[in-house]
Structure formats: C-alpha cells, structure tokens
Amino acid sequence: QVPLVESGGGLVQAGGSLRLSCAGAGRSFSNSGMGWFRQAPGKEREFVAAISRSGDLRYYADSVKGRFTISRDNAKNTVYLQMNSLKPEDTAIYYCAARDGLPISRAPVNNDFWGQGTQVTVSS
C-alpha cells in the first residue's frame, strides 16, 4: 500500500491556481514532518515546501515563496499545497513526503515516505 496519495494536479494556464492534497494511508502522519517536492523532466527532484508536525512552522523554496502555501489537517491525516500565480516553470510531477519524528529534509533521500506523485502542467 502506498503510504501517501496525492491528488489535485492538472493542466492550468499561467497565472492560475491549483490545490494539491496528500492523504496518508494505512497509518497516521500526525507525528511526521510533511512536505512537497517536485521533479521536472530531465531534472533532479527539488524541495518545494515543508510544514512541522503541529503546523506552526512552514518553509518554502525561494522559487515559490509568496505564491505557494502549505498546510495540514492532522485530524484528516492530510497535507495541502495551495499554488497561486502559477508559472510554466512550475510544471513538474509533485510528490508528497513524510519524515517520522523529524522535520522534512530538503535532501529527498533523507525522508521516509513518498507518494506516487501528481502531474502539474502550466501552459503559457
């Protein structure tokens, strides 16, 4: 069973918005740092945003700061990524990640759980 399931991706015009969701499956992630990463064709997976276990601390990549907002609802075992003012360079597969008992690491290899990803395509 895939531990994290992303949804909400799609095709949107530049300047538009999307809201991604990531639902935990089979176990609670309330004690896990959670985050979002993305991977564009031919590029390495990169950090996008992270949120602490309680939701009071949030971190963003410089490229998305001011446009994207990460949030979580531990009662629903779900983390969200609200993406506004989308640009063509935001086009990528977006992945949800979790790290038990610790903040999300910006280095993907250090995180414990991953979803299968959801495609976001921004047209110019």
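Only this structure's heavy atoms are used, side chains among them; waters, hydrogens and symmetry mates stay out. All figures in this text were calculated on a predicted structure; none of them were measured in a lab.
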Fill in: Arg27 versus Asp100, closest heavy-atom pair with distance
NH2-OD1, 2.7 Å
Worksheet item: Under 3.5 Å, is there a donor-acceptor pair between the Thr78 and Asp73 side chains?
Response: no
Worksheet item: Quick one: do the Ser30 and Asn74 side chains pair a donor with an acceptor below 3.5 Å?
Response: no
Worksheet item: Should Arg45 and Arg38 count as side-chain neighbours, where that means a heavy-atom distance under 4.5 Å?
Response: no
Fill in: Pairs touching residues 76-120 that satisfy ring-ring contact (aromatic ring centres under 6.0 Å, His included), sequence neighbours left out
Phe29-Phe113, Phe37-Trp114
Discussion item. Looking at Gln39, is its backbone amide N or carbonyl O close enough to the side chain of Glu44 to form a donor-acceptor pair, meaning the two atoms are under 3.5 Å apart?
Written reply: no
Discussion item. For residues Met83 and Val48: do they belong to one hydrophobic cluster (side chain heavy atoms under 4.5 Å, members Ile, Leu, Val, Met, Phe, Trp, Tyr)?
Written reply: yes
Fill in: Contact summary for Leu81 and Ala49, nearest pair of heavy atoms
CD1-CB, 4.2 Å
Expected list for residues 50-58: side-chain donor-acceptor pairs under 3.5 angstrom, two or more places apart:
{"from": "Ser52", "atom 1": "OG", "to": "Gly55", "atom 2": "N", "distance (Å)": "3.3"}
{"from": "Ser52", "atom 1": "OG", "to": "Asp56", "atom 2": "N", "distance (Å)": "3.3"}
{"from": "Ser52", "atom 1": "OG", "to": "Asp56", "atom 2": "OD1", "distance (Å)": "2.8"}
{"from": "Ser52", "atom 1": "OG", "to": "Leu57", "atom 2": "N", "distance (Å)": "3.1"}
{"from": "Arg53", "atom 1": "NH1", "to": "Asn31", "atom 2": "OD1", "distance (Å)": "3.1"}
{"from": "Ser54", "atom 1": "OG", "to": "Asp56", "atom 2": "OD1", "distance (Å)": "2.5"}
{"from": "Arg58", "atom 1": "NH1", "to": "Ile70", "atom 2": "O", "distance (Å)": "2.9"}

Discussion item. Between Asp90 and Phe68, is there a side-chain heavy-atom distance shorter than 4.5 Å?
Written reply: yes
Worksheet item: Same cluster for Val5 and Val79 if Ile/Leu/Val/Met/Phe/Trp/Tyr side chains link at under 4.5 Å?
Response: no
Discussion item. Given 3.5 Å as the limit, does a donor-acceptor pair link the side chain of Thr91 with the main chain of Val122, or not?
Written reply: yes
Worksheet item: With a 4.5 Å limit on heavy-atom distance, are the side chains of Trp36 and Phe47 in contact?
Response: no
Worksheet item: Among side-chain atoms of Ser105 and Asn111, is any donor-acceptor pair under 3.5 angstrom?
Response: no
Worksheet item: If every non-hydrogen atom of Pro88 is compared with every non-hydrogen atom of Ser124, which pair is closest and at what distance?
Response: CG-CB, 3.9 Å
Item to complete: Give the minimum heavy-atom separation between Leu18 and Gly8, together with the two atoms involved.
Response: CD2-O, 3.8 Å
Discussion item. Tell me whether the count of non-hydrogen atoms from other residues, nucleotides or ligands lying under 6.0 Å of NZ in Lys65 goes above 12.
Written reply: yes
Worksheet item: Hey, does the side chain of Glu6 reach the backbone of Gly117 with a donor-acceptor pair shorter than 3.5 angstrom?
Response: yes
Worksheet item: When rounded to the nearest 0.5 angstrom, what is the spacing between CG in Asn84 and OG1 in Thr69?
Response: 6.5 Å
Discussion item. Ignoring hydrogens, what is the shortest heavy-atom contact between Arg72 and Ser32? Give both atom names and the distance.
Written reply: NH1-O, 2.9 Å
Discussion item. Using the rule that Ile, Leu, Val, Met, Phe, Trp and Tyr join whenever any side-chain heavy atoms are under 4.5 Å apart, tell me whether Val120 and Tyr60 fall into a single cluster.
Written reply: yes
Worksheet item: Any side-chain heavy atom of Met34 within less than 4.5 Å of one from Cys96?
Response: yes
Item to complete: Taking Thr118 for its side chain and Gly9 for its backbone only, find out whether a donor-acceptor pair lies under 3.5 Å.
Response: yes
Worksheet entry | Partner residues of Asn77 under the side chain to side chain donor-acceptor pair (under 3.5 Å) criterion, sequence neighbours left out | none
Worksheet item: Would you call Arg67 and Lys87 a side-chain contact if the rule is heavy atoms closer than 4.5 Å?
Response: yes
Discussion item. With a 6.0 Å cut-off (strictly less than), is the heavy-atom count around CD of Glu46, excluding the residue itself, greater than 12?
Written reply: yes
